[in-house]
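Residue numbers run from 1 in the order of the sequence given.
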Amino acid sequence: MSRMKSHSIPLHEGLNMSHRRILAPALLWFLYPIIMPPAPAPAQSPQADFDRVFTAKTMRVDYFHTGGLGEEIVSLDRVVSDGPWAGSFTRLVDDTNLGKYLFEIVDPATNGVVYSRGFASIYGEWETTAEAGETHRTFHESLRFPWPREPVQIVLKKRGGERGTFHEIWSDVVDPNSRFVNAAELIQEYRVWSILDNGSPNEKVDIILLSEGYAEEQMEKFHADARRLTETLFEREPFRSRRSAFNVRAIDVPSPRTGVNRPHVGQFRRTPVSAEYNIFDSERYLLTFDNRRLRDVLSSVPYEFVEILVNEKQYGGGGILNFQATTAVDTEFADYVFVHEFGHHFAGLADEYYTSPVAYETGGVVHPEPWEPNVTALHDTYELKWGDLVEEAVPLPTPWDKEAYEEHARGIRTRRQTLIDSRAPEEEFDALFHEQRAIERELLASMQYSGRVGAFEGAMYETHGLYRPETDCIMFTRADSFCRVCRRAIERIIDMYSS
């Protein structure tokens, strides 16, 4: 069946045929001088538009994001120079509709938006945890955009409501010539080196890999890890086919000693950008809260996306759209974690799994349509965001052996919790994960609609009410590839940043 709605409206509803024959020529003659547009002025190139408003360096606006107990407050920290502009000179306005937040740079002279980006944040995740209903917390965040020539207005918006539309939560005007704006570059002596160089940063997707928890004498290990994980990413589609659209650089940031903070096992560390496990009290969730320090370290490198390589064996990682991604490099599943977390960070892909423990509040009765491109609430099958990829013979919702999968997942979850409670060595976790992957691959590949796009219930930590595009994907299990919907979402971001 067709899932495309169509509506036919008569062109001259209310007029009979004779009226149409008489009035149409007369109306066209009478309105001709009005409806014909004036000759367009010669169009400027997108590069000329950029040069009119911006210079090719980066402005960074740091701010504090405070909330909890039903409150949300944004307060300015500082405005600084953040190195050369690595972004496009032509794709300045974000039309992807991704992210829980969106910021816009408005030119007061025209009241037009001259730059925008959607993004997610640790604060945005934290406010979905139980703790946000019990206390206040403050997180540090940054907005990065081309350095304006004249004062501009910054408008920060948040997504909300049943329709998921953006509404303004904070605004301020920044004058680049103000004495309160620090235009000086930050002088640093970290070594930056290239893994993949395909051209100008302004015409390519620019990724930076940063070392964390590597002692000075381990920099060669970091170099090997960075090259290995880069190749892992480009072994998978669509990155493999679009390899020439990317630059990948790495930055050597030695730590005083090996490893990062692991508070749940009593391993305490102070590292250059403060990456740590146990985010939101989840033993595998690995991020840094120290945004200011992270941004300062990166300020001399042209970048759009950052992955922090953590010198640890414990399984872990994290990824947040347009902020950061992390990977523990020595787990047996580092290749999977690197690609999975980069999917979050790069394209705003949602977790499609729903049987693993998470810190977020789940179990909602009604689910608004997620902004993430690979999960849907399926309120209307005719409006399915990936409906054009669904074959006629595939029903919506799409049946799958959900009960069998969940029975398997419950057993794995119980055994995993036993390992966590006993502080078992990582080898025992790895053995469990290998067993889990083998069973899931066979189970998910054997279902009626395996390998076809549909809407399979169970996604984004919810057992009911949210749906993923295929039975399996690297965003659902420890699979080797992205589903077709995720691949298309990734391609869209590649196109946005590369010429």
Check for me whether [X] meets the cation-pi criterion with [Y], that is, NZ or CZ under 6.0 Å from the six-membered ring centre and within 45 degrees of the ring axis.
X: R159; Y: Y101; value: no
X: R144; Y: F119; value: no
X: R284; Y: Y277; value: no
X: R163; Y: W371; value: no

For [X] and [Y], test the side chains for any donor-to-acceptor distance below 3.5 angstrom and give the result as yes or no.
X: N311; Y: E212; result: no
X: E406; Y: T355; result: no
X: T288; Y: D290; result: no
X: D472; Y: T477; result: yes
X: D281; Y: H264; result: no
X: E72; Y: H65; result: yes
X: E341; Y: Q324; result: no
X: E352; Y: N374; result: yes

Q.
salt bridge (charged side-chain N to carboxylate O under 4.0 Å, His left out), that's the test. Do K221 and D330 meet it? Break it down for me.
A. CA-CA 11 Å; K221 178 181 185 302; D330 286 337; 3.1 Å; yes

Within the side chain of [X], is there an N or O that forms a donor-acceptor pair under 3.5 Å with the backbone of [Y]?
X: T271; Y: V273; value: no
X: T58; Y: P84; value: yes
X: W400; Y: Q448; value: no
X: T165; Y: G161; value: no
X: R415; Y: R410; value: no
X: D206; Y: P302; value: no

Is there a side-chain contact between [X] and [Y] in this structure, where contact means two heavy atoms from C-beta onward sitting under 4.5 Å apart?
X: H140; Y: F289; answer: no
X: P373; Y: L349; answer: yes
X: E407; Y: K402; answer: no
X: I122; Y: F280; answer: yes
X: S142; Y: R292; answer: no
X: S116; Y: L102; answer: yes
X: R249; Y: P201; answer: yes
X: T331; Y: F433; answer: no

Centroid separation under 6.0 Å, is that true for the rings of [Y] and [X]?
X: F333; Y: H434; value: yes
X: W126; Y: F139; value: yes
X: Y315; Y: F429; value: no
X: F305; Y: H345; value: yes
X: Y115; Y: W85; value: yes

[atom1]-[atom2] distance between [X] and [Y], expressed to the nearest 0.5 angstrom:
X: I308; Y: L286; atom1: CD1; atom2: CG; result: 8.0 Å
X: R243; Y: N198; atom1: CZ; atom2: CG; result: 8.0 Å
X: D351; Y: S356; atom1: CG; atom2: OG; result: 9.0 Å

Under 4.0 Å between a side-chain nitrogen and a carboxylate oxygen: does that hold for [X] and [Y]?
X: E231; Y: R236; value: no
X: R228; Y: D335; value: yes
X: R262; Y: E276; value: no
X: D495; Y: R242; value: yes

What residue among [options] forms salt bridge (Lys or Arg N to Asp or Glu O under 4.0 Å) with [X]?
X: K313; options: E332, E426, E427; answer: E427
X: E470; options: R452, R487, R484; answer: R484
X: K100; options: E127, E125, E141; answer: E127

Q. Should F234 and R240 be marked as a side-chain contact (heavy atoms from CB on, under 4.5 Å) after you check the CA-CA gap, both sets of side-chain angles, and the distance that decides it?
A. CA-CA 5 Å; F234 289 103; R240 178 168 55 193; 5.5 Å; no

**Q.** Contact list for residues 439-450, test salt bridge (charged side-chain N to carboxylate O under 4.0 Å, His left out), sequence neighbours left out
**A.** R441-D480

Q: With Y405 as reference, evaluate Y353, F476, F456 under the ring-ring contact (aromatic ring centres under 6.0 Å, His included) test and give the passing residue.
A: F476

